[in-house]
Amino acid sequence: MKPVMWYELKATELPTLTHDSFKEVAIGFAQHWHFPHVLGAIDGKHIKIECPPKSGSAHYNYKQTFSIVLQGVCDAQCNFISVDVGDFGRHSDGGVLKHSSFGRALYSNSLPIPLDESICGSDPLPYVFLGDEAYPLLRNIMRTFPRRGLDNVRRIYNYRHFRARRTIECAFCVLVGKWSVLKTNLNMLPENAIKVVLACCVLHNFVRRREGVSLDNIESNEIDNSWFQMEGDTSATIGRPGKQALDIRDEFAELFLTTLSAP
């Protein structure tokens, strides 16, 4: 049973995704973050809970706490466009994606993703979601290049990708800052914790759209350049990407160096 707040506000604050709503999101990312064809930034956040009875290690995560996972997808203004809540804390972001309703729709090609289109005269390119290194590189999910041995083309791509993707990190930060219950260990059963998190997510959108949205706090924060120089890569943990996905990322990278160079 979902919370009353969720039922009352979902239709207006987290409506069903459509072709047209995705196109609006893509326009926002192109205008604000200079990354075209982006349908949303995706990430997962651990919501701490008390260890549920008879749950074993299912909720025990790499941070050595017990949690459920909130997977969020947000638009360019840090409003959620999709949330899935309740997966076990021990699962990785890539695993949570596969288990989520959003991920199942993505993998089954049932999301209303717009058709491929040219960008400034390029070959047709797909619309994509931006994830971090914990996500698989797929036709419709881009992640950054491995951090080892970056050339200038890949370094520029990583900068643009990270700049646009941090909207979801900002969304989580605002969510927890506004609804401080999420800073605590939720001392309740997981099914009740899910209701609390869903209510907070829909209220997040409700409040932001009425208070007004400012992106200054993202724009003013400088990106730590060391992020682009770090050694190591997590891609081995989620499998080798296919050639098509690699080629798509390469095409975006070339566009950012030439036609879509930063203003």
Side-chain angles (χ1 to χ4, degrees), residues 1-7 9-10 13-14 17 40-74 78-108 111 129-138 141 143 165-205 232-239:
M1 182 177 178
K2 294 293 196 301
V4 173
M5 193 72 69
W6 175 262
Y7 276 125
L9 295 178
K10 183 183 184 302
E13 304 306 327
L14 265 166
L17 294 167
I42 183 171
D43 203 359
K45 178 171 179 57
H46 289 275
I47 306 296
K48 291 186 291 184
I49 61 173
E50 295 295 328
C51 179
K54 301 180 181 180
S55 65
S57 62
H59 292 280
Y60 194 68
N61 62 51
Y62 72 97
K63 297 181 179 181
Q64 300 182 338
T65 62
F66 294 92
S67 66
I68 56 174
V69 179
L70 159 61
Q71 177 186 272
V73 184
C74 77
C78 306
N79 296 311
F80 294 116
I81 62 172
S82 174
V83 293
D84 283 276
V85 187
D87 206 343
F88 296 131
R90 65 184 174 89
H91 289 154
S92 67
D93 285 344
V96 172
L97 174 67
K98 287 184 177 181
H99 302 149
S100 68
S101 58
F102 176 86
R104 291 194 299 270
L106 177 67
Y107 280 105
S108 64
L111 283 177
F129 299 94
L130 302 183
D132 63 16
E133 292 172 302
Y135 285 90
L137 180 64
L138 304 172
I141 296 183
R143 70 172 190 243
R165 196 198 66 82
R166 64 183 174 173
T167 50
I168 187 61
E169 296 176 358
C170 177
F172 287 148
C173 183
V174 173
L175 175 74
V176 174
K178 178 70 80 172
W179 313 108
S180 57
V181 65
L182 300 180
K183 296 178 181 178
T184 66
N185 278 21
L186 299 182
N187 189 13
M188 59 188 74
L189 293 173
E191 53 264 34
N192 292 328
I194 290 170
K195 296 175 185 178
V196 170
V197 177
L198 286 173
C200 290
C201 288
V202 77
L203 284 169
H204 167 91
N205 284 5
D233 175 36
T234 62
S235 60
T237 65
I238 53 177

Would you check if [X] and [Y] make a side-chain contact, meaning some heavy-atom pair closer than 4.5 Å?
X    : Y    : answer
Y107 : L97  : yes
L186 : I68  : no
C200 : V176 : no
C78  : V174 : no
W6   : V83  : yes
I141 : L106 : yes
K10  : L198 : no
K45  : L182 : no

Between [atom1] of [X] and [atom2] of [Y], what distance do you get to the nearest 0.5 Å?
X    : Y    : atom1 : atom2 : value
L138 : F129 : CG    : CZ    : 11.0 Å
K195 : L189 : NZ    : CG    : 9.5 Å
N192 : I49  : CG    : CD1   : 11.0 Å
C201 : D84  : SG    : CG    : 10.0 Å
I194 : L70  : CD1   : CG    : 11.0 Å
T184 : E50  : OG1   : CD    : 9.0 Å

Does [X] reach the main-chain N or O of [Y] with its side chain, forming a donor-acceptor pair under 3.5 Å?
X    : Y    : value
R143 : Y135 : yes
H59  : S67  : yes
N185 : K48  : no
S100 : G103 : yes
N205 : E13  : yes

Give the minimum heavy-atom separation between [X] and [Y], together with the two atoms involved.
X    : Y    : value
G89  : N61  : O-CB, 3.2 Å
Q71  : I42  : CD-CD1, 4.0 Å
M5   : V202 : O-CG1, 4.0 Å
G40  : V73  : CA-CG1, 4.0 Å
D132 : R165 : N-CD, 3.5 Å
G72  : I168 : O-CD1, 3.6 Å

Going through the distances and angles, do I47 and V85 end up as a side-chain contact (heavy atoms from CB on, under 4.5 Å)? CA-CA 9 Å; I47 306 296; V85 187; 5.8 Å; no
Would you call the rings of F172 and F80 parallel, tilted or perpendicular if under 30° counts as parallel and over 60° as perpendicular? tilted
Can the ring centres of H99 and F88 be said to be less than 6.0 Å apart?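 Not under 6.0 Å, so no.
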